[in-house]
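Every value quoted in this text rests on a predicted model; they were computed, and no experiment measured them.
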Amino acid sequence: WYAPQSGITFLDYHGSKDQVQNGAAANQFNYRPVIRRQGIFANYMVRSRVDILGGYLHSLDDWQDVAGVRGDYFRANDYFADIDYYLQPGSAISGRYDLLAQQITTGGLGKQSLHDWTTAVNKNLSRSGNIVGRIGYNFMSGRDPSTAQKTKASVLQADVAFSF
């Protein structure tokens, strides 16, 4: 499995964040949930032409719908897969799939999932590689874990990334 441009990363995060619950509603309130994330991600470069990436992220966050009423958790098991094919130095075609399996545990709507597909063409716009142009297409579908509202979206985008 050894390849000089390959690796494995492990993530373990435990923190909190100030947030507004039920924003702009009559029952809006401030809340500081505890946020937990654990994940593992890996990539393997094949002959400097194909980069295969994959990952898993587990989330367990405090969730509160009503001020002062302790209750639920936001739980997620998310999977990521990506493949990049380098046509020549400085240009690549990429494809990515994300499966986000999420739920709010107590009183929630059960497990919901989102599927996110992305394809793109990337090209270095500078000799040093610090400016990259990208044209991509994204299709996402699934249900939100807090409302079970079905979502479907397609996005065509072009952007330029600057790294200094």
Next on the checklist: I'd like to know whether the aromatic ring centres of Y97 and W117 sit less than 6.0 Å apart in this structure.
Outcome noted: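 Judged by ring-centre distance (under 6.0 Å), Y97 and W117 do meet the cut-off.
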Is it the case that [X] and [Y] place a side-chain donor and acceptor less than 3.5 Å from each other?
| X | Y | answer |
| --- | --- | --- |
| N43 | S6 | no |
| D61 | Y73 | no |
| Q38 | D12 | yes |
| S154 | Y137 | yes |

Checklist entry - Does CD belonging to Q28 count more than 12 external heavy atoms closer than 6.0 Å? => result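 Atom CD in Q28 is packed in, count exceeds 12.
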Checklist entry - Is the number of heavy atoms from other residues, nucleotides or ligands under 6.0 Å of I135 CD1 greater than 12? => result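 Counting other residues, nucleotides and ligands, CD1 of I135 stays at 12 neighbours or fewer.
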Checklist entry - Parallel under 30°, tilted from 30 to 60°, perpendicular over 60°: which one fits the rings of Y31 and F29? => result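 Correct class here is perpendicular.
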[X] [atom1] to [Y] [atom2] distance, which is reported to the nearest 0.5 Å:
| X | Y | atom1 | atom2 | value |
| --- | --- | --- | --- | --- |
| R75 | L60 | CZ | CG | 5.0 Å |
| F162 | L125 | CZ | CG | 8.0 Å |
| I104 | D72 | CD1 | CG | 7.0 Å |
| D51 | M45 | CG | CE | 4.0 Å |
| N77 | Q103 | CG | CD | 8.5 Å |

Should [X] and [Y] be regarded as members of a common hydrophobic cluster, given that ILVMFWY residues are connected when their side-chain heavy atoms come within less than 4.5 Å of each other, either directly or indirectly?
| X | Y | answer |
| --- | --- | --- |
| I8 | L53 | no |
| V132 | F164 | no |
| Y85 | Y44 | yes |
| I93 | V50 | yes |
| Y79 | F41 | no |

Decide yes or no for [X] and [Y]: does some side-chain heavy atom of the first lie under 4.5 Å from some side-chain heavy atom of the second?
| X | Y | answer |
| --- | --- | --- |
| N124 | I131 | no |
| R37 | L57 | yes |
| R36 | D62 | yes |
| I35 | Y13 | yes |
| S94 | N122 | yes |
| R143 | L114 | no |
| Y86 | R47 | no |
| H115 | D98 | no |

Next on the checklist: Run S59 and F74 through side chain to side chain contact (heavy atoms under 4.5 Å, CB included) and show every step you take.
Outcome noted: CA-CA 7 Å; S59 304; F74 168 81; 4.3 Å; yes
Checklist entry - Should Y56 and D78 be marked as a side chain to side chain contact (heavy atoms under 4.5 Å, CB included) after you check the CA-CA gap, both sets of side-chain angles, and the distance that decides it? => result CA-CA 6 Å; Y56 166 77; D78 303 333; over 6 Å; no
Item to check | Salt bridge flag under 4.0 Å for residues D116 and R96 | outcome: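 Not counted as a salt bridge, because no side-chain N and carboxylate O are separated by less than 4.0 Å.
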Next on the checklist: One pair to check against side chain to side chain contact (heavy atoms under 4.5 Å, CB included): V121 and K123. What are the steps and the verdict?
Outcome noted: CA-CA 7 Å; V121 176; K123 175 77 174 134; 5.7 Å; no
Item to check | From CA spacing to verdict: side chain to side chain contact (heavy atoms under 4.5 Å, CB included), D82, F80 | outcome: CA-CA 7 Å; D82 184 294; F80 311 93; over 6 Å; no
Checklist entry - Closest approach of G39 and F10, non-hydrogen atoms and distance? => result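 Taking every non-hydrogen atom into account, O-CD1, 3.1 Å.
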Checklist entry - How far apart are the C-alpha atoms of K150 and D144, what are their side-chain angles, what is the distance that settles it, and do they pass the salt bridge (Lys or Arg N to Asp or Glu O under 4.0 Å) test? => result CA-CA 7 Å; K150 188 162 177 78; D144 178 90; over 6 Å; no
